[in-house]
Amino acid sequence: MIGPLPDAPVVHVLVIAAATGLIWLGSGWLAEAAETLAGYYGLPAVVQGSIVVAVGSSFPELVSVLVTAVTGVFDMGVGALVGSAIFNVLVIPAAAGLGGEDELEANRAIVYKEAQFYMLAVSALVVTFALAAIYFPVSSDPIAGTVNRSLAVIPLALYGLYLFIQYQDVGDAAIEPVRDEVDIRREWGKLAAGLALIVVTVERLVASVESLGVTFGVPEFLAGVTVVAAATSLPDALVSVRTAREDRGTTSLGNVLGSNTFDLLVAIPLGVLIVGEVVVNFSTAVPMLGVLTAATVLLFVTLRTSLALTEHESYALLAAYGLFVAWVVAETVGATSVLRGV
């Protein structure tokens, strides 16, 4: 029987490299199976990306939130998830845009439905946390409140509306299913295998990243909203870059926005439903969600210009993420408290 791996930095680096390769393999199975299944059931590309691929590649974030809810560190899970969402919105489209041969193409369904509904999802989560602080307060400094099962229904109900809209779009598109020479059981098995490989390897990847953070003294908050968030977003990144290289920009962007919508409206409420209630630090969550809103607006603006993401716009998104990391570092070391006093 193989024992636990040695807790050494070089071992964790090798694990991260191996896990990244396995996630790339799993994301390939997931993307290929999702494309075949989308054709089999007559799903438009935007629905394929925002539902089928997005939910599958979001399972690492879902698992991380559920674990933190059960272990009583829900704030850490929310912080990592919001940090992951910011990474998804700024870095993944930029990487997909720079990784493809041509500009990353969008369409009006992405800009006027997916992006705007995602901004509505962020607002719904802020409202849910605000209601918790107002009606179920825990403390006033910092402002904190209890999110219970009744409040968790709010974002879940909004995701139900999202699924209803997608269902209507499938009917409106009236795409003819492609079922010739398709082994439907094999494709579902391939999808499940890719998903299982992603979930298992991401868990090991995140554990190694966290161990390296402890070894090199990276503060927990900083590691959570940057390094751990990026690690859990790796499946989304690889799926989006892969589909962008295949000149399927709509699926690539749909995966990013659909994954974030799932994370905010389903992953967080499910954690609450399982444990009954959780305490959320409103003072910490709202600034992070404010940054996420600004990042989403920036992505919306860049996609709306010519309905494509150009090379210069991709670099602008990366620069914005750099500013976010700088802000988190400043918060961690207390520099922003000095700026507030000016």
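Computed from a predicted model, the values in this text were never measured in an experiment. Atom set for the values below is all heavy atoms of this structure, side chains included, hydrogens, waters and symmetry mates excluded.
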Is [X] linked to [Y] within one hydrophobic cluster, defined over Ile, Leu, Val, Met, Phe, Trp and Tyr using a side-chain heavy-atom separation of less than 4.5 Å?
{"X": "V278", "Y": "V266", "value": "yes"}
{"X": "L197", "Y": "I16", "value": "no"}
{"X": "V153", "Y": "L125", "value": "no"}
{"X": "V91", "Y": "V122", "value": "yes"}
{"X": "L292", "Y": "L323", "value": "no"}

Can you see which heavy atom on [X] is nearest to which on [Y], and at what distance?
{"X": "L90", "Y": "L317", "result": "O-CB, 3.3 Å"}
{"X": "A19", "Y": "T201", "result": "CB-O, 3.9 Å"}
{"X": "A295", "Y": "V89", "result": "O-CG1, 3.4 Å"}
{"X": "A152", "Y": "P269", "result": "O-CB, 3.5 Å"}
{"X": "L104", "Y": "G97", "result": "CB-CA, 3.9 Å"}
{"X": "L158", "Y": "A124", "result": "CD2-CB, 3.5 Å"}

Measuring only between side-chain heavy atoms, which start at C-beta, is [X] closer than 4.5 Å to [Y]?
{"X": "R185", "Y": "K190", "value": "no"}
{"X": "W327", "Y": "P287", "value": "yes"}
{"X": "I184", "Y": "Y41", "value": "yes"}
{"X": "F300", "Y": "M119", "value": "yes"}
{"X": "V280", "Y": "V138", "value": "no"}
{"X": "Y315", "Y": "L98", "value": "yes"}
{"X": "V127", "Y": "I154", "value": "no"}
{"X": "L303", "Y": "L309", "value": "yes"}

* To do: Report the C-alpha distance between L253 and E114 in whole Å, list the side-chain angles of each, state the deciding distance to 0.1 Å, and finish with yes or no for side-chain contact (heavy atoms from CB on, under 4.5 Å).
  => CA-CA 9 Å; L253 291 169; E114 299 298 329; over 6 Å; no
* Asked: Is the distance between the ring centroids of Y167 and F164 under 6.0 Å?
  -> no
If you round to the nearest 0.5 Å, how far is [atom2] of [Y] from [atom1] of [X]?
{"X": "H312", "Y": "T302", "atom1": "NE2", "atom2": "OG1", "result": "14.0 Å"}
{"X": "L161", "Y": "Q166", "atom1": "CG", "atom2": "CD", "result": "10.0 Å"}
{"X": "I92", "Y": "N255", "atom1": "CD1", "atom2": "CG", "result": "7.0 Å"}
{"X": "L299", "Y": "L257", "atom1": "CG", "atom2": "CG", "result": "6.0 Å"}
{"X": "L156", "Y": "L151", "atom1": "CG", "atom2": "CG", "result": "11.5 Å"}
{"X": "S233", "Y": "N260", "atom1": "OG", "atom2": "CG", "result": "7.5 Å"}

* So among V13, V15, V11, which one has a side chain to side chain contact (heavy atoms under 4.5 Å, CB included) with S208? -> V15
* Asked: Should we say atom CZ of R149 is surrounded by more than 12 heavy atoms from elsewhere, each under 6.0 Å from it?
  -> yes
* Asked: Do other residues, nucleotides or ligands put more than 12 heavy atoms under 6.0 Å from the CD atom of E105?
  -> no
* Yes or no on side-chain contact (heavy atoms from CB on, under 4.5 Å) for V241 and R245, after CA distance, side-chain angles and deciding distance? -> CA-CA 6 Å; V241 171; R245 286 182 174 178; 3.9 Å; yes
* Taking the side chain from S283 and the backbone from I143, do they hold a donor-acceptor pair closer than 3.5 Å? -> yes
* To do: Indicate the ring-plane relationship of F117 and Y162, choosing parallel, tilted or perpendicular according to the 30° and 60° boundaries.
  => tilted
* Judged by modelled atom types alone, do T146 and N148 share a side-chain donor-acceptor pair under 3.5 Å? -> no
* I would like to know whether V126 and F129 meet side-chain contact (heavy atoms from CB on, under 4.5 Å); could you show each step before the answer? => CA-CA 5 Å; V126 172; F129 289 166; 5.9 Å; no
